[in-house]
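This report refers to the structure that appears directly beneath it.
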Amino acid sequence: MAWTAVADANAGGFGVGAAGVGQVLDGSNPAIVRLRQLVDGPQSSEGWRRCWEQGVTPWDLGEPTPAVVKLVQSGTLPAGNVLVPGCGGGYDAVALSGGGRSVVGLDVCDAVIQRARQRSSDVAFVCADFFTWSPPEPFHLIFDYTFFCALDPSLRPAWAARMEELLRPDGELITLMYLPQDQDSGPPYNTTVHDYEEVLNPLGFVIQSIEDNDVAVEPRKGLEKIARWKKTAAGAETSTSDVPSDNL
């Protein structure tokens with residue numbers, strides 16, 4: 001979000017529908033049509049704010065994303081400070097807190113950040129632009145829950161550069177990837193695993209594991225993957241072809 005703009009995705013990423021009911025995230029859903037009217041172009045912060053104000057939030061589950069709950073229960077997440085960009089209502093940020101993790105939830109929309117602060121005092125909820133915000137120190141873990149696909153594709157290199165800046169050299173990036181292929185516009189935009197690799201590999205990020213999201217909500221089953229990335233000096237030379245096939 002070159003932005004104050006951009007990260008309007010800062011407004012929550014593309015999760016699922018309200019009250020725990022998954023919504024179809026394409027042009028057949030009137031909420032997506034309205035969303036695209038409100039969020040027009042890469043400089044879209046104000047559009048995302050209007051979405052929250054008008055209740056046009058088809059990505060908002062109203063509870064933690066099942067994949068986040070599964071990750072926490074797996075016991076494999078690192079301790080330390082954690083960033084959730086585009087945290088929206090903060091459900092995932094709250095679910096990630098504890099277990100030696102100190103979580104920051106970041107969003108461009110002040111109204112939704114105020115709401116999240118009322119939900120929990122265990123998470124530091126910050127209203128700021130992902131692309132310009134300056135935290136006091138880098139993070140051990142960054143969790144991107146479909147933040148990437150909500151961004152105008154022209155902003156993807158800036159997204160990757162920002163991830164590299166905000167993550168400690170030994171840190172981990174986890175991406176919950178929503179991978180639609182038949183969108184006629186966005187958000188959400190058509191996305192592939194290669195799109196992530198194209199911007200992350202040159203910065204030294206490589207996939208340590210990647211698997212289907214087997215707890216995705218029904219309308220999105222088969223369209224989501226969870227990838228865990230680490231930084232290595234050989235990142236630019238490594239891709240999913242180097243990851244064991246049982247992880248693909």
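Heavy atoms only: backbone and side chains are in, while hydrogens, waters and symmetry mates are out.
Considering only heavy atoms from C-beta on, V193 comes within 4.5 Å of I207 through its side chain. Side-chain atoms of P138 and L166, non-hydrogen and from C-beta on, never get closer than 4.5 Å to each other. In this structure, R36 and D184 have side chains that are in contact, with non-hydrogen atoms separated by less than 4.5 Å. You'll find the side chain of F205 stays beyond 4.5 Å of the side chain of V199, heavy atoms only. In this structure, V94 and F125 have side chains that are in contact, with non-hydrogen atoms separated by less than 4.5 Å.
Looking only at distances, a side-chain donor or acceptor of S120 sits under 3.5 Å from a matching main-chain atom of D122. Judged by distance alone, the side chain of E211 and the main-chain N or O of K225 form no donor-acceptor pair under 3.5 Å. No donor-acceptor distance shorter than 3.5 angstrom exists from the side chain of D212 to the backbone of G222, with no hydrogens or angles considered. Using modelled atom types, one side-chain atom of Y145 and one backbone atom of G86 make a donor-acceptor pair closer than 3.5 Å. Looking at R119, its side chain never comes within 3.5 Å of a backbone N or O of Y91 through a donor-acceptor pair. Counting only distance, with no hydrogens or angles, the side chain of D144 and the backbone of I174 share no donor-acceptor pair below 3.5 Å.
For the 3.5 Å distance criterion, the side chains of R115 and Q118 fail to qualify, holding no donor opposite an acceptor.
L200 contributes atom CG, which lies 4.5 Å from atom CH2 of W229 (distance to the nearest 0.5 angstrom). Once rounded to the nearest 0.5 Å, the distance linking OH of Y178 with CG of N213 reads 12.5 Å. Of the inter-residue distances, the one linking K70 atom NZ with I226 atom CD1 reads 6.5 Å to the nearest 0.5 angstrom.
Pairing each heavy atom of T192 with each of D195, the nearest pair is N-OD2, 2.9 Å.
Considering H140, R228, K230 in turn, R228 is the only one that fulfils the side-chain hydrogen bond (donor to acceptor under 3.5 Å, both in side chains) rule with E172.
Y196 is linked by a ring pair (Phe, Tyr, Trp, His ring centres under 6.0 Å) to F148, W159, counting only residues two or more places apart in sequence or in another chain.
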